[in-house]
Amino acid sequence: KSDWCVWDVGANVGIYTEYFRDAVPQGSVVAFEPDQSCVGLLQDKFKKSNNVTIEKYALSDRDNEVLFSSDEFSVTNGILTNDDNESLKGTKIQAVTGETYVSSRPERFPNAIKVDVEGHEYAVFSGIESMLSDRRLCLIGIEVHFSQLSNNGNGHFPEELHRKLLDHGFFVLLAIFNFGLNYLMLYWAQNHLTSAMTSIAFSMLLVMNIVNTRLFFGKPIPKRIYT
């Protein structure tokens, strides 16, 4: 709804933040992004948007400092665990639970949450678990990183999350369209395709994402895409 509060958890450079801003002109958008290189871009991009708040926190399962890996050559920056390669460089950042954040800012209780945190999903949802039963929270969208969750020892999370959301009356759509089923099917197909065919198929996923952006966000497809 146009007066909702939307949380963009893992906002990166603000692609979804921009969609949410336009979708809730009477509401508000809270963009959580701990990567300082992205924070600067977000602040510049939304400096004239009165309904967008940029938060430099990482949402997690506890209020503490965590180690964040930021690699300019990677699109999967994220929070490091104790099992990660010690050779990776990290920066200490502040993490808070969603529950802590709301307790001091009740006016920003979310009606919708989008989560894209590169394998840190389990911690994010552990930090908002008590909020799931609140009827004000109506919509949750999440990109699930199955392999990274498994590497972090949280391979059980997708099934557990599915059960919890159903228990709370949510209709669960775990990124089936954007960054979801299309990628999962491609990973399965790699067992039967050559590397060249896999590369071609992977590049075509962008087409599906463009179409889904039009269907779900009402964002017009730029002419440069099809001309």
Side-chain angles (χ1 to χ4, degrees), residues 1-35 38-61 78 94-118 120-145 161-162 164-165 168-180 209-220:
K1 297 182 179 180
S2 62
D3 61 348
W4 273 12
C5 176
V6 181
W7 283 10
D8 188 356
V9 184
N12 198 256
V13 296
I15 295 176
Y16 282 94
T17 308
E18 185 176 5
Y19 297 151
F20 298 148
R21 178 201 62 189
D22 296 341
V24 293
Q26 285 79 49
S28 61
V29 179
V30 183
F32 294 92
E33 178 52 58
D35 189 333
C38 292
V39 168
L41 294 173
L42 289 169
Q43 290 174 334
D44 183 63
K45 186 173 186 177
F46 297 106
K47 60 185 177 183
K48 296 183 180 180
S49 300
N50 296 327
N51 65 334
V52 176
T53 300
I54 311 300
E55 297 289 11
K56 303 176 185 179
Y57 307 119
L59 287 194
S60 192
D61 56 349
Q94 183 62 45
V96 299
T97 68
E99 295 161 357
T100 296
Y101 184 80
V102 163
S103 67
S104 60
R105 304 166 183 83
E107 74 282 0
R108 294 180 187 169
F109 188 95
N111 303 110
I113 301 176
K114 163 259 178 184
V115 180
D116 180 5
V117 289
E118 311 298 341
H120 201 60
E121 299 92 298
Y122 184 78
V124 170
F125 274 86
S126 295
I128 65 169
E129 187 165 356
S130 67
M131 298 164 56
L132 298 179
S133 58
D134 193 307
R135 292 184 178 275
R136 290 175 293 173
L137 179 55
C138 305
L139 179 64
I140 296 175
I142 176 173
E143 178 182 354
V144 179
H145 295 260
L161 174 64
H162 180 268
K164 284 183 178 180
L165 294 183
H168 288 292
F170 284 95
F171 176 74
V172 183
L173 188 62
L174 298 180
I176 287 179
F177 295 104
N178 274 351
F179 307 107
N209 289 339
I210 292 170
V211 172
N212 284 327
T213 298
R214 179 68 180 91
L215 290 175
F216 292 99
F217 293 102
K219 189 78 171 180

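All residue numbers refer to positions in the sequence shown, counting from 1.
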For K1, the side-chain contact (heavy atoms from CB on, under 4.5 Å) test, sequence neighbours excluded, returns D3, W4
| field | Parallel, tilted or perpendicular, as decided by the 30° and 60° cut-offs, for the rings of Y19 and Y16 | value | perpendicular
Using modelled atom types and a 3.5 Å cut-off, is there a donor and acceptor pairing between side-chain atoms of E121 and backbone atoms of I142? no
For K47, the side chain to side chain donor-acceptor pair (under 3.5 Å) test, sequence neighbours excluded, returns D44
Exercise. Say whether, by atom type as modelled, one donor and one acceptor occur between the side chain of E55 and the main chain of F32 under 3.5 angstrom.
Key: no
Sorted by chain and number, sequence neighbours left out, side chain to side chain donor-acceptor pair (under 3.5 Å) with Q94 holds for none
Practice prompt. Please test D35 against N12 for side chain to side chain contact (heavy atoms under 4.5 Å, CB included), starting from the C-alpha separation and ending with a verdict.
Written response: CA-CA 8 Å; D35 189 333; N12 198 256; 5.9 Å; no
Between the CD1 atom in I15 and the NZ atom in K45, the distance rounded to the nearest 0.5 Å is 6.5 Å
Sorted by chain and number, sequence neighbours left out, ring pair (Phe, Tyr, Trp, His ring centres under 6.0 Å) with Y57 holds for none
Between C38 and E33 the two heavy atoms that sit nearest each other are CB-CG, 3.7 Å
Working for side chain to side chain contact (heavy atoms under 4.5 Å, CB included), residues F20 and V52
CA-CA 9 Å; F20 298 148; V52 176; over 6 Å; no
Side chain to side chain donor-acceptor pair (under 3.5 Å) filter on T53, not counting sequence neighbours, yields none
One should read off an interatomic distance between I128 CD1 and I140 CD1, to the nearest 0.5 angstrom, of 5.5 Å
Answer yes or no: is there a side-chain heavy-atom contact under 4.5 Å between P110 and V102? yes
The side-chain contact (heavy atoms from CB on, under 4.5 Å) partners of L41 (sequence neighbours excluded) come to V13
With sequence neighbours left out, the residues meeting side-chain contact (heavy atoms from CB on, under 4.5 Å) with R135 are none
Value for NZ (K114) from OG1 (T17), rounded to nearest 0.5 Å, stands at 6.5 Å
Rounded to the nearest 0.5 angstrom, the CD-CG distance for E99 and L59 is 10.5 Å
Residues at least two apart in sequence or cross-chain that pass side-chain contact (heavy atoms from CB on, under 4.5 Å) with S2, listed by chain then number, are P25, Q26
Can you check whether V29 reaches F46 side chain to side chain, under 4.5 Å on heavy atoms? no
In short, V30 meets C5 closest at the heavy-atom pair CG2-SG, 4.3 Å
When rounded to the nearest 0.5 Å, the distance separating OG of S49 from CG of D22 is 8.0 Å
**Prompt:** Short question: side chain of N51, backbone of V24 - any donor-acceptor pair under 3.5 Å?
**Reply:** yes
Side-chain donor/acceptor of W7 to backbone N/O of V115, under 3.5 Å
no
Residues passing the ring pair (Phe, Tyr, Trp, His ring centres under 6.0 Å) test with Y122, sequence neighbours excluded, are H156, F157
Hits for side chain to side chain donor-acceptor pair (under 3.5 Å) against T100, two or more places apart or cross-chain, chain-then-number order -> D63, T97
Rounded to the nearest 0.5 angstrom, the CG-NE2 distance for D61 and H120 is 6.0 Å
